[in-house]
Every structure is written in structure tokens, then in C-alpha cells.
Protein chains: 2
Amino acid sequence: MTQQRVARRTGRRTQQERSSTTTLQLLNSARKLFARDGYTATSLDAICDAAEVTKGAFYHHFKNKEQLFRAVYEREQQDLSSAIAQEYSHYNDPWEALFQGMREFLVGSMEPTRQRITLIDAPGALGWEAMREIRTDCRRMMFYGLSQALGKGRFPRHEIESLTSMVYGAQCEAAMAMAHADDPDELLESALRQFRFLFDSIRRMSPTSQP
Amino acid sequence: MTQQRVARRTGRRTQQERSSTTTLQLLNSARKLFARDGYTATSLDAICDAAEVTKGAFYHHFKNKEQLFRAVYEREQQDLSSAIAQEYSHYNDPWEALFQGMREFLVGSMEPTRQRITLIDAPGALGWEAMREIRTDCRRMMFYGLSQALGKGRFPRHEIESLTSMVYGAQCEAAMAMAHADDPDELLESALRQFRFLFDSIRRMSPTSQP
DNA sequence: CAGATTACGTACCGATAGTAGGAAACTGCA
DNA sequence: TGCAGTTTCCTACTATCGGTACGTAATCTG
């Protein structure tokens, strides 16, 4: 609650610097607290305290609490996406690349902080519509991966869309299960085995039949 | 906000009757408002108003807002579960029964009210732990269905658990996608085709290999 | 009918998201 | 360097909402 300027920073800072440091501090503190206590249970005052910033400063940079959460969420999602993309690019075989990308997703989602924010709180806090909008990155990557692996033009687009949804859902649920399992690594391997099996099955399928 | 007794009901009611009518009214109003505005955006005052009940009455029957949501959620989940169980019992072939049960789940989850409550708001409002605890019904049914279909003792338990998670996740994501799709029915059929394919693949697999 | 128990009503409290308006820090230009 | 103009930040306040305290009315038990 009690807020006072601490430790005067080095004499003069540009507006750019002032802005970016406070927003960064807010994002970092928010990330920590949202993950620890959940979205609604985390008060703005607590966040501002932790960030050593006043509420006035906060409301200068963000429209409201939801937008702050959204910013935190987006950063998280981007970190994950880029990690996956990088992993994906290391493999030539499209099925193997897809598979390794999914491993990266699962490993990256095991971290409790990220898991709480992106998988537990986000749907309720942002709503389904906003979620879908932002999650586009991950989904598009998976859609691309599946399209590549299945072969161009072999299947109608909506069929691949639908498959994307379901594989994505399976991935998320697996991530959540892992995060609370007695032996997460065992579950990770088990989940990956099953994805592998699914992919192999699709692969073996005659090109003309349905996925 | 303004609350007054309306229309004195027929002279004398037992305590049982009084309790059950007020709780029912609360549950129904809450269900409606939670679905329309979301969990956090729905105030207790609004719910009590809609239910024509005072806050005192509410707090006599429920511990707090979260418990009310939980009650609404549980009722929703039970309705769905029993519908699935009934559908399941109509088929002899375990794979077909499982498949038809899943169709029932998807169809039942398309209703926006149920979807908002059970798939969007519940995780954030109740937390992952409580969710897992309550969702047990649906999960257990799917676990049972998969166990039956895969054949007793053919696969280690944890493997079936893991598969359960993932199929369940795919199901949920498919339900959410359907609820916001241009052509939900097409998506439903597409999802079901893909589940069918997955099941057929597992079925065809040699009994000794991994699922 | 009397006393006990259960169901409900009213008035209040603390916390918290959001606002209003001014002070302080920076910027660009004369 | 000094000074208008802009951006960044601070303080004090409000409205709303979940939850509580305590009293009143309805029902039950004997």
C-alpha cells in the first residue's frame, strides 16, 4: 500500500526509458502474482506495490486490469511460440518436426507460472473470443505443421482445421495433466508416444481416405 | 437491489419446501446470469434480485459465491454425464458405445450456456484441482470406455490414463470450436470422423504394441 | 401453546477496480 | 539556458461488491 520513490535512479532518463522500465516492472510483477494467486485474487495495489509503481502510473500505461493480464498472456504465448518455431525448424521430415514442436510445447507448458496464466486463468479472464484471437500463433503453427505433414491439397481445409483444434486440445490437456502428476516426465513420454502413434497411423493411411 | 416479498405463496410450507425452492431459484438465476455475463462480472446482488431472494437467504444456503458457482457447475456436469451414460448403454460394441457417448458429449456441450459455464469459466473460478475432482464423472466414464474398448489388462494403467486426458482434451476443444463455428454441424461431423479414425487405428493395432 | 430450531431480512464493513485532477519529469525550440 | 508543451507519474477520492452481524419471522417438536 505505502508507496514511495526508492533510490533515485541515475540523474536523467528519457521518456522512452521511463515508460519501458515501469511497464516492464509492471509486467514482471503481474506475471509473478497472477501465477501465484490467480487473476481475480491478485489486486492492482499488490501488483503496483511489487512493481514499486503507483496506480496512477499503471493507469497511464494500461487501460485496465484485463489489459494488463492480456499483455502478460501475450508475452508468455510469444515466448512459447518462438521456442516451438525454432525447434520445428531443426527437422526436415515434417512429421518429425511437428512432433518435436509438440514436445517443445509440452515441456514449455510444464512451468507452473506459464501454465497457470495461459491454461487456467486466461479463458475466464479474456473470454473465448479474445483467446482464439491471440492463440492464433500457436494454432497457425500447428495448422501449418499438420498441413505440411499431411501433404498439400490432399485434405479439405476444414478437415485440417478441425484436426488442428483437437490435437491442440489434446496437447493442452496433456500439459495440464503433467503439471499436476506425480511423475510428470513419465506422463510426458506417454503423451508423446501416443501422439507418435496417431501420426504414424495417419501417415500409414492411404492418401485417399479421410484423416 | 430493491427486494420485497412477492405474492405470498399458498399459506403454509414446510422448511424443506422453503429451502429447496429458494436454492432452486438461486441456482437457476445464477446459471442464467453466469452464462450471460461470466462468473466475475455477475454480482451476487444481481443473482439474488433475479431469484427474488435476499442476500441473507443466499448466505444461509451457500457458503459464498464460489460455492454457488460450484453447485451450478456440478448440476450441469451431472446432467451431461447421465445423458452420456444412457447413450453409452445402448450399444454393445465397446468402441461404438464410446463413440456414441462422445457424440452425446459434443452435442450436449454445444449449448452456449453449458459451454460458458463448464468450459470457459470453471477452470479459473474453481481452480484446476477442484475441476479435476468434479470432472471425475466424465473422465471416469471415458476411462472406463477406453479400458473396455482396449481390452482388459492389455495396456498399463497410466498409459490409459494419459490417453484419457488427451482424448478428453480433444473433445473439449472440439466442443469449444463448434460453439463458435460458422457451421457447427459440419465441424461436429468432422470431429467425429477423426475420432472414428483414431479408434479404428487403435483397433487395428497389434495387441502387443503401444497405443 | 411454548420453546427451540430453521429460514430469511437489513444494515453495515473492508477491499478493490477505476477516476479526477494536479505535480513532477522530460522534450524541443528560441 | 530558459521556457512552453507534452508525457509520465502521484494523491485522494468514489462506487461497487463480496461478506458479516445480528435481529425477525416462519416452522417444528413436544
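All figures in this text were calculated on a predicted structure; none of them were measured in a lab. Residue numbering restarts at 1 for every chain, and letters A, B, ... go by the order of the sequence lines.
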> For B:Arg103 and B:Glu87, what are the C-alpha separation, side-chain angles and deciding distance, and is it a salt bridge (charged side-chain N to carboxylate O under 4.0 Å, His left out)?
Replying inline: CA-CA 9 Å; B:Arg103 159 173 258 133; B:Glu87 188 65 21; over 6 Å; no
> Want to settle it: does B:Ser43 or A:His61 sit nearer the 5' end of DNA chain D, counting the closest nucleotide to each?
Replying inline: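 The 5'-side residue here is A:His61.
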> Between A:Ser19 and B:Gln15, which has a closest nucleotide on DNA chain D that is more 5'?
Replying inline: A:Ser19
>> Looking at A:Arg70 and A:Glu74, is any side-chain nitrogen of the basic one under 4.0 Å from a carboxylate oxygen of the acidic one?
In response: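 Here A:Glu74 pairs with A:Arg70 in a salt bridge, since their nearest N and O are under 4.0 Å apart.
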If you check every side-chain atom of [X], which of [options] has the closest atom?
X	options	answer
A:Ala57	D:dT8, D:dC10, D:dT27	D:dC10
B:Thr14	C:dC8, C:dA25, D:dC28	D:dC28
B:His60	D:dC9, D:dT7, C:dC8	C:dC8

Could you state the [atom1]-[atom2] distance from [X] to [N], rounded to the nearest angstrom?
X	N	atom1	atom2	result
B:Asp49	C:dC8	CG	P	16 Å
A:Gln16	C:dT27	CD	C1'	13 Å
B:Gln25	C:dA7	CD	C1'	14 Å

> Should the pair B:Phe34 and B:Phe69 be assigned to parallel (<30°), tilted (30 to 60°) or perpendicular (>60°) ring geometry?
Replying inline: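 Because their plane-to-plane angle is over 60°, the rings of B:Phe34 and B:Phe69 count as perpendicular.
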Nucleotides 19-23 of chain D: which of its N/O atoms have a protein N/O under 3.5 Å away?
residue	atom	partner	partner atom	Å
D:dG19	OP2	B:Tyr59	OH	3.2
D:dG19	OP2	B:Lys65	N	3.1
D:dG19	N7	B:Lys55	NZ	3.2
D:dG19	O6	B:Lys55	NZ	2.8

>> Can you list, in residue-number order, the parts of residues 33-42 of chain B that come under 4.0 Å of DNA chain D, counting heavy atoms only?
In response: B:Thr42
>> Under a 3.5 Å threshold, yes or no: a donor from one side chain and an acceptor from the other, between B:Arg18 and B:Gln15?
In response: yes
> So, B:Gln100 and B:Glu96: side-chain donor and acceptor under 3.5 Å apart, yes or no?
Replying inline: yes
>> So, applying ring-ring contact (aromatic ring centres under 6.0 Å, His included) with A:Trp95, which one of A:Phe195, A:Tyr88, A:Phe199 is it?
In response: A:Phe199
> Between B:Lys65 (side chain) and B:Tyr39 (backbone), is there a donor-acceptor pair under 3.5 Å?
Replying inline: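 Yes; at least one donor-acceptor contact below 3.5 Å.
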